[in-house]
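Since the structure comes first, as structure tokens, the remarks are kept for the end.
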Amino acid sequence: MDAEIREGRFLWLEQREERLQQARAGRAVIDPWEGKVSRDISSGIIHDWIGAALIPGVTLAKTIGFMQNYDAHKNVYKPEVIDSKLLSRNGNSFKIYLRLLKKKVLTVVLNTEHAVEYFQLSKTRAYSVSRSTRIAEVDNPGKPSEREIEQGGDHGFLWNINSYWRFDERDGGVYVECRAISLTRDVPVGLGWLVTPIIRNLPRESLESTLLATRKALQ
């Protein structure tokens, strides 16, 4: 990804004309990276998706300002984001907290923390890198008996996630791209038939809803 930026290959959308046309037509374009929906590894699954959308009528400054307003993300990205807050900021480096809801047949709540860094390339281009630093599934969320489940005893919906965003202001708006690479663990014995299809489908659905919610909020 660093090489792409150095060599000027900034937007994934530009690699195929049909992607650009779909984005300009108002669609969120979502694809698995390199055509692979997921990759099985020992004791886990790697999911690698990329998505993009054009947000017309906005500037790069407005878009970045919106993205960095983490206290408001719980209002924009609900119901998937139940709570959000900025933990600390040092220049363009942020530490944030998100309480996430994953609901599809099963309902899972996760306490997550992330380190996010922003990089300004020019007046019209910027990118950010977000890396999860802590993820814990919550048992009995919102109840007096609420507690975090030890890793290995949870559903394995999410172990780690890195999100790589790119922002390019042109064509009357801002192109927003996000590549999300996540790691899920093996699911508990006896639940594979139920949980595994959910785990494989959630990354795409989550990325699409995030892009659409971002566009709606900025417009």
Side-chain angles (χ1 to χ4, degrees), residues 28 30 44-49 51 63-90 92-118 128-165 176 178-188 191 194-218:
I30 314 286
I45 306 169
I46 295 174
H47 313 264
D48 194 350
W49 288 85
T63 303
I64 297 299
F66 164 82
M67 297 297 295
Q68 293 178 348
N69 186 12
Y70 291 105
D71 288 340
H73 281 203
K74 57 182 173 289
N75 302 319
V76 175
Y77 297 109
K78 57 185 179 182
E80 185 166 359
V81 177
I82 301 173
D83 192 16
S84 66
K85 59 184 175 182
L86 175 66
L87 299 177
S88 66
R89 178 178 183 176
N90 182 13
N92 288 320
S93 299
F94 298 75
K95 292 183 179 179
I96 66 170
Y97 164 82
L98 301 174
R99 173 170 275 211
L100 304 178
L101 171 69
K102 304 292 184 180
K103 186 174 183 180
K104 190 171 182 181
V105 182
L106 296 176
T107 299
V108 172
V109 173
L110 303 166
N111 286 336
T112 71
E113 295 180 11
H114 310 258
V116 190
E117 211 166 351
Y118 287 81
S128 69
V129 178
S130 170
R131 296 181 175 92
S132 60
T133 56
R134 183 177 183 273
I135 297 178
E137 186 174 332
V138 179
D139 189 29
N140 298 322
K143 299 179 181 179
S145 58
E146 176 181 311
R147 67 178 183 88
E148 292 185 350
I149 304 172
E150 292 185 10
Q151 287 189 355
D154 56 11
H155 289 94
F157 271 24
L158 189 62
W159 191 9
N160 207 343
I161 181 167
N162 288 3
S163 300
Y164 305 89
W165 290 79
V176 176
C178 178
R179 182 178 176 186
I181 305 174
S182 57
L183 174 64
T184 56
R185 296 191 309 278
D186 276 348
V187 296
L191 289 178
L194 177 63
V195 178
T196 299
I198 301 172
I199 286 177
R200 292 188 187 275
N201 292 331
L202 272 176
R204 184 196 189 284
E205 295 171 5
S206 178
L207 180 56
E208 182 175 28
S209 66
T210 296
L211 287 169
L212 292 176
T214 301
R215 184 173 64 191
K216 180 179 179 181
L218 279 164

Run the side chain to side chain contact (heavy atoms under 4.5 Å, CB included) test against [X] and tell me which residues pass, sequence neighbours left out.
{"X": "S163", "result": "S130, I161, W165, C178, A180"}
{"X": "E80", "result": "K102, S206, S209"}
{"X": "T133", "result": "E113, A115"}
{"X": "S88", "result": "K95"}

Rounded to the nearest 0.5 Å, how far does [atom2] of [Y] lie from [atom1] of [X]?
{"X": "E137", "Y": "W159", "atom1": "CD", "atom2": "CH2", "answer": "14.5 Å"}
{"X": "Y97", "Y": "K74", "atom1": "OH", "atom2": "NZ", "answer": "10.5 Å"}
{"X": "H114", "Y": "I135", "atom1": "NE2", "atom2": "CD1", "answer": "6.0 Å"}
{"X": "I96", "Y": "K85", "atom1": "CD1", "atom2": "NZ", "answer": "12.0 Å"}
{"X": "L207", "Y": "R179", "atom1": "CG", "atom2": "CZ", "answer": "12.0 Å"}
{"X": "T184", "Y": "L158", "atom1": "OG1", "atom2": "CG", "answer": "8.0 Å"}

**Report entry** Residue among L101, N140, L100 satisfying side-chain contact (heavy atoms from CB on, under 4.5 Å) with V109
**Finding:** L101
Kindly give the heavy-atom pair with the smallest separation between [X] and [Y], and that separation in Å.
{"X": "N162", "Y": "S132", "answer": "OD1-N, 4.1 Å"}
{"X": "V129", "Y": "R131", "answer": "CG1-NH1, 3.3 Å"}
{"X": "R99", "Y": "N111", "answer": "NE-OD1, 2.9 Å"}
{"X": "L98", "Y": "V81", "answer": "CD2-CG1, 4.2 Å"}
{"X": "R215", "Y": "A28", "answer": "NH1-N, 4.4 Å"}

Query raised in the report: Can you name the salt bridge (charged side-chain N to carboxylate O under 4.0 Å, His left out) partners of D139, sequence neighbours left out?
Result: R147
Query raised in the report: Has the side chain of E208 got a donor or acceptor atom that lies under 3.5 Å from a matching backbone atom of R204?
Result: no
Query raised in the report: Do I46 and I181 touch side chain to side chain, with heavy atoms closer than 4.5 Å?
Result: yes
**Report entry** L87 side chain reached by F94 side chain, heavy atoms, under 4.5 Å
**Finding:** no
For residues 63-71, tabulate all N or O donor-acceptor pairs below 3.5 Å that involve a side-chain atom, not counting sequence neighbours.
residue, atom, partner, partner atom, Å
T63, OG1, T59, O, 2.9
Y70, OH, Y118, OH, 2.6
D71, OD1, L86, N, 2.8

